[in-house]
Amino acid sequence: MFEFSSDFDPNSLPNWLSESSLESRWKILSTFSFPNINTHISLVLTDDESIQELNRVRRGKDYPTDVLSFPLSFDLTPWELPPNKKENFGPILSLGEIVISWDTCKAQAKSIGHSEEDEFFRLFVHGFLHLIGYDHERGEEDEALMKEKEDLCLDLVLGP
């Protein structure tokens, strides 16, 4: 299952940010990451003001950020990508919620010099990897591993 909510008028967003378009890309990532497992993820698109409040309340950091992840199923041990084991998670595996600031996404895309779509999916994949236990803030080794998995997942989501 894929749930998308946004603080923005859908008509003001690009077509690739429609729920159906996002869900189709999620299915690619989910099928690769969790073959034969039904997953659930929630994605929220918000503004800098709202993500700053979440960052302050949930992480004690009073400033806006690009993406926040709130995992439900994985913590210290990351899920192997590509998976090399089979596990039974029950009827559905709830991964958690990703919150992306559309304001920061657009600004970062412009600053970095790539499209808003590329930046959005970079943030989405980054948030997804946090949901499944990857964390670049644990040290250099974990940062390198997360970067490797980001590249792998981005290739899947964005295509060739």
Side-chain angles (χ1 to χ4, degrees), residues 1-59 61 63-75 78-83 89-112 114-137 146-147 149-159:
M1 282 177 43
F2 178 83
E3 290 182 56
F4 175 64
S5 58
S6 170
D7 292 341
F8 300 93
D9 176 356
N11 296 321
S12 72
L13 298 173
N15 290 338
W16 53 264
L17 267 177
S18 69
E19 185 164 10
S20 61
S21 178
L22 292 170
E23 185 171 15
S24 69
R25 298 211 197 183
W26 165 244
K27 283 182 182 176
I28 293 167
L29 189 55
S30 177
T31 300
F32 167 76
S33 304
F34 297 97
N36 304 312
I37 297 172
N38 291 322
T39 59
H40 175 266
I41 192 169
S42 174
L43 173 63
V44 176
L45 188 66
T46 193
D47 58 20
D48 276 350
E49 184 180 336
S50 296
I51 207 164
Q52 178 172 348
E53 179 64 10
L54 277 173
N55 205 19
R56 185 185 65 73
V57 170
R58 299 294 298 272
R59 299 178 65 225
K61 299 181 179 191
Y63 52 84
T65 189
D66 50 6
V67 60
L68 292 171
S69 298
F70 302 105
L72 292 176
S73 299
F74 297 91
D75 191 14
W79 181 249
E80 185 68 33
L81 290 178
F89 293 103
I92 192 159
L93 173 60
S94 292
L95 296 173
E97 184 168 77
I98 299 170
V99 182
I100 295 175
S101 169
W102 183 229
D103 297 337
T104 299
C105 176
K106 292 187 294 185
Q108 286 179 177
K110 186 175 183 178
S111 167
I112 293 168
H114 60 213
S115 71
E116 291 173 353
E117 182 176 11
D118 285 350
E119 181 63 9
F120 176 85
F121 284 106
R122 187 188 70 78
L123 296 175
F124 178 72
V125 163
H126 186 90
F128 165 70
L129 289 172
H130 276 299
L131 291 184
I132 63 171
Y134 291 88
D135 192 345
H136 54 91
E137 295 180 3
M146 189 164 175
K147 173 70 172 114
K149 300 305 179 183
E150 276 185 4
D151 291 344
L152 172 69
C153 293
L154 274 172
D155 285 346
L156 290 168
V157 171
L158 294 175

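Residues: numbered from 1 along the sequence shown. What you see is a predicted model; the values in this text were computed from it and never measured.
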So, does Ser30 use its side chain to make a donor-acceptor pair with the main chain of Trp26 at under 3.5 Å? no
Rounded to the nearest 0.5 angstrom, the CG-OG1 distance for Asp48 and Thr104 is 3.5 Å
Checking Ser111 side chain against Ala107 main chain: does a donor-acceptor pair fall under 3.5 Å? no
Would you say that Asp155 contacts Leu158 through its side chain, given a criterion of any heavy-atom pair below 4.5 Å between the two side chains? no
Ser21 backbone acceptor or donor facing Ser24 side chain under 3.5 Å: yes
Counting C-beta onward and ignoring hydrogens, is there a side-chain heavy-atom pair between Ile28 and Val157 closer than 4.5 Å? no
Can you give me the closest heavy-atom contact between Cys105 and Ile100, atom names plus distance? CB-CG2, 4.5 Å
Do Met1 and Ile92 have side chains that get closer than 4.5 Å, going by heavy atoms? yes
Carefully, step by step, assess Leu29 and Phe34 under the rule side chain to side chain contact (heavy atoms under 4.5 Å, CB included). CA-CA 8 Å; Leu29 189 55; Phe34 297 97; over 6 Å; no
Please report the interatomic distance CZ(Phe124) to SG(Cys153), rounded to the nearest 0.5 Å. 10.0 Å
Do Glu3 and His40 have side chains that get closer than 4.5 Å, going by heavy atoms? yes
Which residues pass the salt bridge (Lys or Arg N to Asp or Glu O under 4.0 Å) test with Lys147, sequence neighbours left out? Asp151
Would you mind telling me which of Gln108, Lys106, Lys110 makes a side-chain hydrogen bond (donor to acceptor under 3.5 Å, both in side chains) with Glu119? Gln108
For a quick test of reading the model, state the closest non-hydrogen atom pair linking Val67 to Leu123 and the distance between them. CG2-O, 3.7 Å
Between Asp103 (side chain only) and Asp47 (backbone N and O only), is there a donor and an acceptor less than 3.5 Å apart? no
Rounded distance [0.5 Å steps], OG in Ser50 versus CG in Asn55: 12.0 Å
Partners meeting side chain to side chain donor-acceptor pair (under 3.5 Å) with Glu116 (sequence neighbours left out): none
Tell me whether the rings of Phe4 and Phe2 are parallel (<30°), tilted (30 to 60°) or perpendicular (>60°). parallel
Nearest-0.5 Å distance that lies between atom CZ in Phe120 and atom OG in Ser115: 12.0 Å
Spacing of OG belonging to Ser101 relative to CG belonging to Leu45, to within rounding of 0.5 Å: 8.0 Å
Under 3.5 Å, side-chain donor or acceptor atoms of residues 8-16 against the rest of the protein: list the pairs with distances, not counting sequence neighbours.
from	atom 1	to	atom 2	distance (Å)
Asp9	OD1	Asn11	N	2.9
Ser12	OG	Asp9	O	2.7

Looking at every non-hydrogen atom in both residues, tell me the closest pair between Val44 and Glu97 and how far apart they are. CG2-OE2, 3.6 Å
Val99 side chain near Phe70 side chain, heavy-atom distance below 4.5 Å: yes
Aromatic rings His126 and His130: how do their planes relate, parallel, tilted or perpendicular, breaks at 30° and 60°? perpendicular
Intermediate values then yes/no, side chain to side chain contact (heavy atoms under 4.5 Å, CB included), Glu49 and Gln52: CA-CA 5 Å; Glu49 184 180 336; Gln52 178 172 348; 5.9 Å; no
How many angstroms lie between atom CG of Leu95 and atom CG of Leu72, to the nearest 0.5 angstrom? 8.0 Å
Answer whether the closest heavy-atom distance between the side chains of Leu68 and Arg59 falls below 4.5 Å. yes
